[in-house]
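Below: the structure, in structure tokens.
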Amino acid sequence: MKKFYITTAIPYVNARPHIGFALEAVQADVLARYRRELGEEVFFLTGTDENSLKNVQAAEKEGIGPQMFCDRNAKIFYDLKKALNLSFDEFIRTTEKRHFLGAQKLWSACRQEDIYKKKYKGLYCVGCETFYEEKELIQGKCPEHQTAPEVIEEENYFFKLSRYQEKLFKLIESDEYKIIPSTRKNEVLSFIKMGLKDFSISRSKERAHGWGVPVPGDESQIMYVWFDALANYLTALDYNKEGKLYKNYWPADVHVIGKGVIRFHAVYWPAMLLSAGLPLPKELFVHGYITSGGEKMSKSLGNVINPFQLVEKYGADAVRYFLLKYVHPFEDSDFTIEKFEEVYNADLANGLGNLVSRTANLIEKNFDDKIDIGNDREFNLEEVDKSIEDYQFNVAFQIINHSISLLDAYIDEEKPWELIKKDKDQAKRVLSRLTDRILIIAKKLKPFLPQTAEKILKQFTARKIKKGESLFPRI
RNA sequence: CGCGGGGUAGAGCAGUUGGCAGCUCGGCAGGCCCAUAACCUGCAGGUCGUGGGUUCGAGUCCCACCCCCGCAACCA
């Protein structure tokens, strides 16, 4: 059986999940559900990145321990599963033991010559607990704390990224490691062409507050968060034991990520894998960002969109619908509640919901016996599959919505409410055809709007078709 | 000379390989009355940021410029 391993990036837990991560999770979910429908053996992974110093700092502010802080916040991310009806098979947290062991194993598996010690000197702000580049400073001072950073020197491990420059270029250019869309691929290629520098992959235990994955064989050092975070794609498969999951699913078929973390996934990650002698993932799908009212979402602007609130008010499928149809799969898109409600009414209530409603009502009122489902060969929505495979979720819905509109026109043309009085057989044929096509639409909707698809399938395959409640009540 | 994205109807957006400019909302005029005041048909509205170029043909490819917005090596 063909396997399909798909992942999302793992978000930091120091902030609540926002609509942007919901987008990523839903996109990945559609791909996972689609593959399952095809009969493939799917493993869909998500999780949380918890070894960041930011978490330690955030925990301190709240006066609780970092582990407790992570436990509490990771749960909120896990709860997206229920809220958005996600179908992930596994949820990895990077504070788990299997992750520590796996990350250390990956470190040790890297070519010895690729990891070396070097003194690092930099401008360090004690308040932020982070290094700054000279040009990031404002008049020589930390932009956050308005204090002059200290020059500190520390010995860290470095990864010989420079060694992989040409190899990476070829792998990406040839699509052996395929980056989608092509604009992102070009971006990465031009970045690689500018020259890759070795990068630091550890920090002192002291500076990390002892939080994170210890470097194997050197207790004084903690792994750089990205080194361990990227390893999650392996460690969640029990890479440390090279267990069944690992053997079955690695390499990943698709990593779904946001544009902000592209370099780590397109450059660092494959280089680390090459160094460790492991197979590379096949595809990297990079989505855009969601702006809120034309601006970047930020706490200070107070325009962060909370997916839980949306789901509570409008339902999981309505949120999924917006993310898939009105967020461009590859580019930044804007979210406003006004637009959300507009498309909810136009497409879900007036479109899909109303079509289902009027059809079911005509059948319920006029036919007690079962409606035969015809064999409609002219009506197939095969282009929808192609769109999913190309990550064009918006196009998939263009096709589906168009078909809904055609069915509405078909009803108006045939006027089944009149036919029932004149020619009941013909009325039945019309409604049978409608039922048939609605069922085909519902099947195509399964990966996108799983709850709605299920409701429609149940409704129209029941012995007695009933109108029932509205799928999407108008707002 | 750092990298990238955008500028398409009143508003918001889509336009994959160059081939009669589309969608949603809004406006106008009809139709229908099965349906969630929903549905269907038609009309009005665009010099596709500006100026050049390639081509039988450019929103789409090339060059220059103007305006907006991200990123710049721990952002989904």
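No experiment lies behind these values; they were computed from the predicted model shown. Chain A is the first sequence line, chain B the second, and so forth, proteins listed ahead of strands; every chain is numbered from 1.
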Handout entry: Whole-Å C1' distance, B:C66 and B:G10
Key = 24 Å
Problem - P atoms of B:A11 and B:G49, separation to the nearest Å - result: 14 Å
Handout entry: Euclidean distance for C1', B:C67 against B:A73 (whole angstrom)
Key = 29 Å
Practice task
Establish, yes or no, whether the cationic atom of A:Lys193 lies under 6.0 Å from the six-membered ring centre of A:Phe169 and within 45° of the ring axis.
Solution key: no
Exercise for the section: Tell me whether the OP1 or OP2 atom of B:A38 has a side-chain N or O from A:Arg474 closer than 4.0 Å. Expected result: yes
Exercise for the section: May I ask you to verify if any side-chain N or O of A:Lys325 is less than 4.0 angstrom from the OP1 or OP2 atom of B:U24? Expected result: no
Handout entry: B:A29 and B:C65, which share atom name P, separated by this distance in whole Å
Key = 50 Å
Exercise for the section: For B:C34, take OP1 and OP2 only and decide whether either is under 4.0 Å from a side-chain N or O of A:Asn366. Expected result: no
Practice task
Determine the interplanar angle of the A:Phe44 and A:Phe88 rings, folded into 0 to 90°, and report it as parallel if under 30°, tilted if 30 to 60°, perpendicular if over 60°.
Solution key: perpendicular
Problem - Rounded C1' spacing from B:A14 to B:C23 in Å - result: 7 Å
Handout entry: P-based separation of B:U24 from B:G42 [nearest Å]
Key = 12 Å
Exercise for the section: Report yes or no: do A:Tyr326 and A:Glu342 form a side-chain donor-acceptor pair below 3.5 Å? Expected result: no
Are there any protein N/O atoms within less than 3.5 Å of an N/O atom in nucleotides 6-14 of chain B, and if so, which ones and at what distance?
from	atom 1	to	atom 2	distance (Å)
B:A14	O2'	A:Gln398	NE2	3.2

Handout entry: Nucleotide paired to B:G70 in any strand shown, Watson-Crick or G-U, under 3.5 Å
Key = B:C3
Handout entry: Whole-Å P distance, B:C61 and B:G45
Key = 29 Å
Handout entry: Base-pairing mate for B:A29 - Watson-Crick or G-U, with both contacts under 3.5 Å
Key = B:U41
Exercise for the section: Measure from the ring center of A:Phe335 to the ring center of A:Phe322 and say whether it is less than 6.0 Å. Expected result: yes
Practice task
Please determine if a side-chain N or O atom of A:Tyr268 lies less than 4.0 Å away from the OP1 or OP2 oxygen of B:A73.
Solution key: no
Handout entry: Base B:A38 paired with A:Asn354 side chain (donor-acceptor, <3.5 Å)
Key = no
Handout entry: Below 4.0 Å: OP1/OP2 of B:C40 and any side-chain N or O of A:Lys415
Key = no
Handout entry: Any A:Leu352 side-chain heavy atom under 4.5 Å of A:Asp347 side chain
Key = no
Exercise for the section: Among A:Glu383, A:Lys444, A:Glu382, find the residue that satisfies the side-chain contact (heavy atoms from CB on, under 4.5 Å) test when tested with A:Ile399. Expected result: A:Glu383
Completion exercise
Per nearest nucleotide of RNA chain B, the residue lying toward the 5' end, A:Ser405 or A:Glu418, is A:Glu418
Problem - Pairwise C1' distance, B:G46 and B:U54 [rounded to whole Å] - result: 25 Å
Completion exercise
Re B:C48: Watson-Crick or G-U wobble partner, both distances kept under 3.5 Å, found to be none
Problem - Charged N-O contact under 4.0 Å between A:Glu50 and A:Arg93 - result: yes
Practice task
Report yes or no: is there a donor-acceptor pair, N or O only, under 3.5 Å between the side chain of A:Lys54 and the base of B:C74?
Solution key: no
